Amino acid sequence: METFQAQLAQKLSDALAVAELPNAGDVTPATDARFGDYQSNAAMILAKQRGENPRKIAEKILAHLDVDLLADKPTVAGAGFINFTLRAEAIAKQAGELLRDDRLGVARSTSPKKIVIDFGSPNVAKPMHVGHIRSTVLGDALARIATFLGHDVIRDNHIGDWGTQFGMVIWGWKHLLDRQALARDPIAELVRLYKETNERSTSDPAVRDACRQELVKLQANDPENFSIWKECVDLSMKEFERAYEVLDIHYDVQRGESFYNDRLPDVVERLLKSGIAEISEGAVCVFFRDIPELADKPAIIRKKDGGFNYATTDVATVDYRINDLNRDTIWIVTGAPQLLHFKQIFEIARREGYDTDFRHITNGNILGDDRKLMKTRSGGNVPLRDVLDEAIERARKIIDEKNPDLSDADKIDISHKIGIGAVKYADLSQYRMTDYVFSWDRMLSLQGNTAPYLQNAYVRVRSIFRKAGEPGPKIDKLILAEPAEINLAKRLCQFAEIVPQVLNDFRPNILATYLFELANSFHGFYEACPVLKSEEPARGSRLAICELTARVLQTGLQLLGIQVPEQM
RNA sequence: GCGCUCGUAGCUCAACUGGAUAGAGCGUUGGCCUCCGAAGCCAAAGGUUGUGGGUUCGACCCCCGCCGGGCGCACCA
């Protein structure tokens with residue numbers, strides 16, 4: 001089953017062939033409803049190539065364009081656009097088929113990839129904070145969508161569990177640890193150890209040296225230090241798991257930086273041997289002299305003290321993903337500050353001969369009311385846990401007010417879905433690169449492009465079925481008469497066109513915008529077209545449209561990692 | 001200094017990779033509940049897309065120059 005867009009593109013392509021014109025341009029949704037439903041710029045592109053009159057070419061194409069029963073006779077408009085207006089019968093037929101399709105018309109990719117998506121990447125011994133929301137939620141949504149489109153996806157959490165900070169954490173553990181505090185709030189205690197040790201080491205060279213020694217011992221697999229390190233990692237992971245549970249985010253593998261530790265010497269040796277790396281100022285570096293923007297920015301893969309750093313780890317990580325995980329595509333989702341770093345890493349991989357499809361997917365920041373990075377009143381990072389708890393609390397308050405008669409169990413479930421959904425959606429509904437201002441009132445509003453608004457549209461549909469006493473529609477043959485129901489059905493057919501587009505430039509906000517418009521269309525339908533009170537066959541047809549709306553809303557939100565309540 | 005990125009209605013954000021008269025929500029103003037959930041819908045007002053040039057049938061989008069914000073530029077991750 002093909003989308004209208006694909007079908008019309010095929011018709012256009014056929015017409016161009018018959019008219020002996022080269023294939024050009026495309027069919028896209030109309031920019032404005034008054035132009036119909038779809039438009040093509042083929043004639044204007046051909047006109048430019050051939051130096052001819054675009055409207056004349058459009059007429060010529062039209063003479064051979066047979067859209068069959070899909071649309072009314074196409075028209076030429078403006079500078080040479082070809083406009084298509086779908087026929088209600090065609091929309092009814094297509095929507096009917098969607099009802100029978102558990103993929104809602106979304107085609108599987110014709111070239112499935114083996115993708116590893118690296119997202120999340122929290123650091124051990126540090127609390128997760130608001131900043132983690134974006135890359136985590138974005139990566140999760142991309143993973144869900146890629147999977148739905150038929151790609152083979154591995155979700156990898158690249159935990160920051162190795163590095164120089166452990167020298168201080170271990171020293172602090174040995175000298176300053178408060179066991180009771182650790183039991184109460186492990187991460188807070190680890191942070192305290194790190195902070196206090198850090199302060200001491202800056203003022204006391206002896207402490208600084210001692211920390212360095214602890215790190216060396218850890219890297220030499222000293223049993224005591226290793227077990228302290230292990231305990232820190234385990235405590236942190238437990239904390240992370242709790243957040244992922246609340247967020248409904250799950251990983252296939254969680255390979256921390258430590259996992260690659262044994263491989264680092266080989267990486268450096270190999271790169272030196274192949275001449276990709278060289279020694280400069282005592283460090284082992286890779287230079288990119290032929291790439292202007294990297295020309296004076298070498299990647300250091302072994303420090304002059306002999307230690308490895310994160311560039312070394314990331315080269316090893318790339319190897320592992322390609323060779324051990326057998327991936328041909330690597331997506332890394334992180335904040336923008338790491339752009340330069342991954343440019344270097346990808347370039348090193350290319351020099352090693354890998355033709356893997358590397359994508360570094362970056363995102364903007366979450367800002368406070370002052371338009372600066374969101375911070376607590378005291379200036380620290382806002383803990384993720386606090387944000388999630390508050391989201392659920394605020395949702396609960398709204399529910400208590402709007403629908404006090406629900407059972408407590410229902411309220412708990414619903415406030416979780418609404419609160420967490422609101423936080424996720426606020427992020428995903430925006431273009432991933434823009435910095436956005438965090439606002440509880442906006443994200444939890446029932447009006448506008450928000451999760452609660454979409455969830456409410458879903459709940460209204462479900463409510464119709466509850467009232468009807470029927471679980472679903474009895475028919476799947478639609479009869480479309482009212483403009484509002486034609487409009488809604490048309491919208492439903494577009495789901496299959498939208499979902500694949502998200503991966504074009506990794507923009508879940510395209511899907512979010514679509515779902516918002518779908519909910520708008522549904523509400524328009526809801527106002528204009530009585531369902532239960534209408535006569536057959538309109539009643540059955542409208543129930544079927546409702547069913548399809550619910551499924552598209554639910555599936556679409558699910559692809560964004562957002563759950564829907566049955567009532568709210 | 002160099003590189004990347006962003007600048008769109010009073011506010012918060014879109015604009016499907018160059019398409020037609022730049023769209024939403026909030027806020028403001030005015031309408032709609034004897035009718036499936038008003039947690040909703042309809043309508044109005046609101047713009048020199050930071051700025052100055054250029055490319056072309058057509059530019060928020062591409063190119064060049066400024067202005068302003070953010071981030072990054074050799075051993076922290």
Side-chain angles (χ1 to χ4, degrees), chain A residues 28-32 34-35 39 41 44-45 47-48 53-54 77-81 83 121 123 160 162-165 257 280-285 292-305 307-311 313-314 335-341 343 362 364-365 367 371-373 398-399 401-403 426 429-431 433-437 439 441-442 445-450 452-453 455-457 459-468 497-498 501-502 504-505 507 509-510 512-514 516-517 520 522-524 526-534 542 546 567-568:
Chain A
T28 56
T31 51
D32 193 302
R34 70 179 174 276
F35 301 131
Q39 63 186 44
N41 58 359
M44 289 178 291
I45 288 172
K48 185 173 231 170
N53 181 322
F81 289 97
N83 290 335
S121 316
N123 287 320
W162 203 250
T164 48
Q165 80 271 23
E257 292 166 346
S280 167
E281 296 176 28
V284 179
C285 306
E293 47 179 314
L294 296 179
D296 57 345
K297 295 173 174 52
I300 291 167
I301 56 170
R302 194 176 71 200
K303 303 184 282 185
K304 66 179 166 204
D305 68 4
F308 306 109
N309 62 12
Y310 78 134
T313 306
D314 280 346
Q338 299 197 53
L339 269 164
L340 175 62
H341 168 69
K343 215 171 254 182
T362 60
N365 300 313
L367 308 178
R371 293 209 68 102
K372 295 193 169 128
L373 270 186
I398 294 171
I399 293 157
E401 188 188 317
K402 302 274 187 189
N403 210 344
S429 59
Q430 249 134 147
Y431 177 55
M433 295 297 287
T434 39
D435 297 348
Y436 75 90
V437 177
S439 160
D441 290 340
R442 268 202 304 281
S445 167
L446 281 307
Q447 299 147 333
N449 192 5
T450 67
Y453 176 83
Q455 289 165 324
N456 179 52
V459 164
R460 285 180 99 180
V461 186
R462 302 308 306 162
S463 167
I464 290 176
F465 284 104
R466 264 198 304 279
K467 191 135 284 184
E497 296 170 3
I498 296 293
Q501 271 180 37
V502 172
N504 269 348
D505 195 30
R507 290 156 47 157
N509 67 308
I510 292 177
T513 302
Y514 165 78
F516 175 56
E517 287 169 352
N520 277 334
F522 170 72
H523 282 130
Y526 189 90
E527 299 285 328
C529 305
V531 177
L532 299 177
K533 285 176 183 131
S534 58
R542 286 174 181 176
C546 286
Q567 47 184 338
M568 62 192 273

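Residue numbers start from 1 in every chain, and the chains themselves are labelled A, B, ... in the order their sequence lines are given, proteins ahead of strands. Since the model is a prediction, treat every value here as computed from it, not as a measurement.
- Regarding contacts with the backbone of B:rC36, every side-chain N or O of A:R462 stays at 4.0 angstrom or more from both OP1 and OP2.
- Across all strands shown, the partner of B:rG3 is B:rC71, judged by Watson-Crick or G-U wobble contacts whose two distances both fall under 3.5 Å.
- With hydrogens and angles ignored, no donor-acceptor pair closer than 3.5 Å exists between the side chain of A:N309 and the base of B:rA74.
- Residues A:P530 and A:L373 each lie close to RNA chain B; by heavy-atom proximity, the contact nearer the 5' end of the strand is made by A:P530.
- In this entry B:rU17 has no Watson-Crick or G-U wobble partner, no candidate having both defining distances under 3.5 Å.
- Between the base of B:rA74 and the side chain of A:S280 there is a donor-acceptor pair shorter than 3.5 Å.
- A:H341 has its NE2 atom 17 Å from the C1' atom of B:rG3, to the nearest Å.
- Look at the P atom in both B:rG18 and B:rC62: the space between them is 7 Å, to the nearest Å.
- Judged by Watson-Crick or G-U wobble contacts below 3.5 Å, the nucleotide B:rG40 has B:rC32 as its partner.
- Using P as the reference atom, B:rG46 and B:rG10 are 11 Å apart when rounded to the nearest Å.
- Rounded to whole Å, the P atom of B:rC13 lies 11 Å from the corresponding atom of B:rA9.
- Separating the P atom of B:rA15 from that of B:rG52 is a span of 25 Å, rounded to the nearest Å.
- The base of B:rG58 sits within donor-acceptor range of the side chain of A:K48, with an N or O pair under 3.5 Å.
- In this structure B:rU55 sits in the anti conformation; its chi angle is more than 90° from 0.
- Across all strands shown, B:rG65 is found opposite B:rU51 as a Watson-Crick or G-U wobble partner, with both distances under 3.5 Å.
- Across the protein-nucleic acid pair, A:Q338 atom CD and B:rC76 atom P stand 16 Å apart, rounded to whole Å.
- Taking only distance into account, the side chain of A:Q39 meets the base of B:rA20 through a donor-acceptor pair shorter than 3.5 Å.
- Both A:L532 and A:G163 lie near RNA chain B, and the one whose nearest nucleotide falls closer to the 5' end is A:L532.
- The aromatic ring of A:F35 stacks onto the base of B:rA20, its centre lying under 5.5 Å from the centre of the six-membered base ring with the two planes under 30° apart.
- In this structure B:rG25 sits in a base pair with B:rC11, meeting the Watson-Crick or G-U test at under 3.5 Å.
- One C1' atom belongs to B:rC4, the other to B:rA43, and the distance between them is 44 Å to the nearest Å.
- A distance of about 12 Å separates the P atoms of B:rG54 and B:rA59, rounded to the whole Å.
- A distance cut-off of 5.5 Å between ring centres, combined with a plane angle under 30°, places A:F81 in a stacking arrangement with the base of B:rA20.
- OP1 or OP2 of B:rA14 sits under 4.0 Å from a side-chain N or O of A:T434.
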